[in-house]
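Contents: one structure, followed by commentary.
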2 protein chains.
Amino acid sequence: MAGRARIPEATVTRLPVYLRSLLELASDQVSTVSSERLAELSGVNAAKVRKDLSYLGSYGTRGVGYDVGFLVDQVGRELGTTRDWPVVIVGLGNLGRALANYHGFGTRGFRVAALVDADPALVGESIGELTVVSIDQLESVVGQGQVAVGIVATTAGSAQDVADRLVSAGVCSILNFAPVVLSVPSGVSLRNVDLSMELQVLTFYQHQAHPQHLGSASV
Amino acid sequence: MAGRARIPEATVTRLPVYLRSLLELASDQVSTVSSERLAELSGVNAAKVRKDLSYLGSYGTRGVGYDVGFLVDQVGRELGTTRDWPVVIVGLGNLGRALANYHGFGTRGFRVAALVDADPALVGESIGELTVVSIDQLESVVGQGQVAVGIVATTAGSAQDVADRLVSAGVCSILNFAPVVLSVPSGVSLRNVDLSMELQVLTFYQHQAHPQHLGSASV
DNA sequence: TAGATTGTTAATCGATTAACAATC
DNA sequence: TAGATTGTTAATCGATTAACAATC
């Protein structure tokens with residue numbers, strides 16, 4: 001009974017893509033899919049699909065392909081999408097509000113369970129079906145609601161403090177939208193989404209392809 | 001005069017992080033920084049910082065470090081942050097609205113130049129300083145405004161069509177928030193931000209660490 | 001059996017990082 | 001000169017992918 005090999009980080013980030021493709025196939029009543037087709041739908045290479053799926057187990061049938069329903073179950077089980085994942089959003093500015101109202105969350109077990117802000121002017125306001133509570137109540141909200149994931153949508157200046165408090169309160173998954181490098185203890189998962197940074201990467205390539213011509217022919 | 005070596009993708013994605021750290025140092029009146037310190041601020045390894053920066057040129061001084069102001073200029077020049085980057089946002093739902101109102105964009109040359117939606121009920125509405133125009137005018141808006149970047153914040157169903165039209169109109173950088181794999185011709189840069197996917201990756205790790213106990217001890 | 005497709009190996013590719021000569 | 005720190009090499013690590021035996 002040797003332990004299963006650790007799933008590589010790169011594979012983990014692709015599992016949700018496969019799951020999305022598989023759910024689409026399922027809703028189209030497709031019952032079987034080849035690695036070739038799943039790769040095409042997911043925008044990757046077929047060998048990579050097979051390698052990735054092989055980390056989960058031998059779920060395919062040679063000469064046939066993968067059973068869509070079965071694979072949805074297995075990938076979903078791996079990702080924990082059948083669990084309930086209560087989320088707290090800290091910071092109800094433009095972005096936090098949008099996330100609070102975003103209903104795409106619900107699909108994979110995610111549920112916005114609490115809204116927290118430091119601004120007294122926002123506390124008590126209703127957004128969707130929830131009421132914004134004070135940052136002073138962060139710990140109690142996290143404790144009560146058994147919050148699993150913290151979304152940091154504050155300013156850069158407050159983000160580290162909020163992250164520290166989330167971690168202290170027992171949250172071990174953090175999604176950070178603040179434009180700052182957060183430090184969290186090992187054992188806590190952290191992912192960052194930074195819109196300005198994504199745009200800078202995009203425009204890097206455009207800038208390299210078509211550098212601004214400001215009169216000087218070369219440097 | 002051999003052409004400069006191509007900058008690796010992984011390095012490109014870190015340049016904006018370095019730039020942010022450098023701007024922070026500059027605003028703190030720090031004039032010189034070592035790779036060690038810059039690495040710490042950026043959450044990476046010092047050797048990686050030196051390697052990454054070496055792709056841009058030999059901008060450091062042995063025994064001393066890097067001049068903060070000079071490095072800000074060089075990294076900024078590489079990323080094109082001194083250029084004006086007009087952005088069109090397509091899809092003014094919760095997320096599109098938040099992005100339209102997001103002022104963090106302005107900092108690196110990004111400027112929301114147009115808002116586009118297919119819903120006639122939204123056309124004509126003012127959001128911030130702009131008015132939502134019909135998707136029918138996408139091509140003319142992109143052409144007129146010399147739009148450089150398209151942000152796709154539509155539903156999954158419309159995203160590919162919108163992307164195709166953006167590309168036809170001459171946009172060659174697309175940031176996609178719709179939960180779908182887009183295909184774009186080579187020469188067009190595409191980056192994806194998917195909130196549900198980020199959350200699934202986070203909870204994968206939490207789920208692996210603390211699997212749900214539903215009565216069965218093992219499988 | 002013939003055709004199809006997986007699961008896995010091994011080769012390749014690219015990214016990370018330790019180490020250290022160069023040099024301020 | 002002694003200490004500090006870069007720039008670069010080379011070793012290591014990990015991810016990708018072509019290839020193909022296994023097998024439906």
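Residue numbers begin at 1 in each chain, while the letters A, B, ... track the order of the sequences. Any value given below was found using the heavy atoms of this structure, including those in side chains, with hydrogens, waters and symmetry copies removed.
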Rounded to whole Å, the CZ-C1' distance (A:F70 to C:dT6) equals 15 Å
Considering Watson-Crick and G-U wobble pairs with both distances under 3.5 Å, what does C:dT23 pair with? D:dA4
Could you state the atom-to-atom distance from CD1 of A:I7 to P of D:dG14 in whole Å? 16 Å
Using the benzene-type ring in the case of Trp, are the ring centres of B:Y66 and B:Y59 under 6.0 Å apart? no
Counting only side-chain heavy atoms from C-beta out, which of D:dT8, C:dT6, D:dT6 sits nearest to A:Y66? C:dT6
Nearest-angstrom distance from the residue atom CG of B:D52 to C1' of D:dT8: 14 Å
Donor-acceptor under 3.5 Å (B:D194 side chain, B:S196 main chain): yes
Calculate the interatomic distance between A:E9 atom CD and C:dA15 atom P; express it in whole Å. 16 Å
Counting only side-chain heavy atoms from C-beta out, which of D:dT8, C:dA22, D:dT17 sits nearest to A:N45? D:dT17
Both distances below 3.5 Å, Watson-Crick or wobble geometry, any strand: find the nucleotide opposite D:dA11. C:dT16
Please give, in whole Å, the distance from C:dT6 P to A:R37 CZ? 13 Å
Where the side chain of B:T13 meets the backbone of B:A10, is there a donor-acceptor pair that is under 3.5 Å apart? yes
Select from A:G63 and A:P8 the residue whose nearest nucleotide in DNA chain D is closer to the 5' end of that strand. A:P8
Can you tell me the distance, in whole Å, between the NZ atom of B:K48 and the P atom of D:dG7? 18 Å
Over how many whole Å does the gap from A:L38 atom CG to C:dT5 atom P extend? 14 Å
Rounding to 0.5 Å, atoms CD (B:Q200) and CZ (A:R20) come to a distance of 9.0 Å
Given C:dA15, D:dA22, C:dT8, the nucleotide with the shortest approach to the side chain of A:R62: D:dA22
Using whole Å, report how far CZ of A:R50 lies from P of C:dA10. 17 Å
If the cut-off is 4.0 Å, is B:T61 near the phosphate of C:dC24, judged by side-chain N/O to OP1 or OP2? no
Can you tell which of D:dT8, D:dT17, D:dT16 lies closest to the side chain of B:S58? D:dT8
Quick check: are there more than 12 heavy atoms from other residues, nucleotides or ligands sitting under 6.0 Å from CD of B:E36? no
Among the nucleotides D:dG7, C:dA18, D:dA15, whichever has the atom closest to the side chain of B:A47 is C:dA18
As a test of reading the structure: which of D:dA15, C:dG7, D:dT6 is closest to the side chain of A:A10, going by heavy atoms? D:dA15
Is the phosphate of C:dT16, meaning OP1 or OP2, less than 4.0 Å from a side-chain N or O of B:R14? yes
Please determine, for the side chain of B:K51, which listed nucleotide (C:dT16, D:dT23, C:dT8) has the closest atom? C:dT16
Check whether any side-chain N or O of A:Y55 sits under 4.0 Å from OP1 or OP2 of C:dT8, and answer yes or no. no
Within the side chain of B:S168, is there an N or O that forms a donor-acceptor pair under 3.5 Å with the backbone of B:D164? yes
